[in-house]
Structure formats: C-alpha cells, structure tokens
Amino acid sequence: MKVTEIRKLSAQELDSKLADLKKDLFNLRLQHATNQLDNPIRIAEVKKDIARVKTIIREQQLAGR
C-alpha cells in the first residue's frame with residue numbers, strides 16, 4: 001500500500017483500514033505459529049502498512065489542531 005493511497009482516505013476509512021490490517025497481522029502470526037504461512041515476509045509488510053496508516057492518522061490529528 002502506497003502512502004499516496006493512504007492519504008486519500010478519510011479518517012473513518014483510515015480507522016477501518018487499521019483494524020483490518022491488525023486482523024490480518026493476527027491471522028498471519030497464527031499461520032506462522034502453526035507452520036502454515038507460505039510467505040513470512042508478508043508479516044513485515046503488514047507491520048509497515050500499519051505504521052504508515054498510524055503515521056497518516058497522527059499527521060491529520062496534528063494538522064487539525
């Protein structure tokens with residue numbers, strides 16, 4: 001997911017995207033623990049996406065003040 005795509009989303013969409021990414025991360029960790037995960041690099045990608053979304057949320061909060 002690119003930063004430009006994330007910046008186009010509204011605050012509510014960002015919150016729902018963050019929740020979805022957290023669910024994905026949980027499922028990936030579960031698959032990794034049970035040796036069912038095909039691509040372990042996907043965990044790092046989802047973590048970075050979570051960080052990107054949180055950063056954009058924080059930027060919007062600071063700009064709103």
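- Legend: residues meeting side chain to side chain contact (heavy atoms under 4.5 Å, CB included) with L30, ordered by chain and number and at least two apart, are absent.
- Here CG of L28 is found 10.5 Å from NZ of K47. Values are rounded to the nearest 0.5 Å.
- Under a hydrophobic-cluster definition in which Ile, Leu, Val, Met, Phe, Trp and Tyr are linked whenever side-chain heavy atoms come within less than 4.5 Å, directly or via other members, I43 and F26 are assigned to different clusters.
- Atom CD of E5 is surrounded by more than 12 heavy atoms from other residues, nucleotides or ligands within 6.0 Å.
- Atom CG in N27 sits 11.0 Å away from atom CZ in R42 (nearest 0.5 Å).
- Atoms CZ and CG, from R7 and L9 in turn, are 11.5 Å apart once rounded to the nearest 0.5 Å.
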For this session: Run the numbers on V46 and I50 for side chain to side chain contact (heavy atoms under 4.5 Å, CB included), then give the verdict.
Result: CA-CA 6 Å; V46 171; I50 289 172; 4.2 Å; yes
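- Closest of all the heavy-atom pairs between D38 and P40 is O-CD, 3.5 Å.
- Atom CG of D20 sits about 11.0 Å away from atom CG of D15, to the nearest 0.5 Å.
- Of the charged side-chain nitrogens involved, at least one lies within less than 4.0 Å of a carboxylate oxygen, so that R52 and D49 count as a salt-bridged pair.
- For the pair E13 and K8, the salt-bridge criterion is not met [side-chain N within less than 4.0 Å of a carboxylate O].
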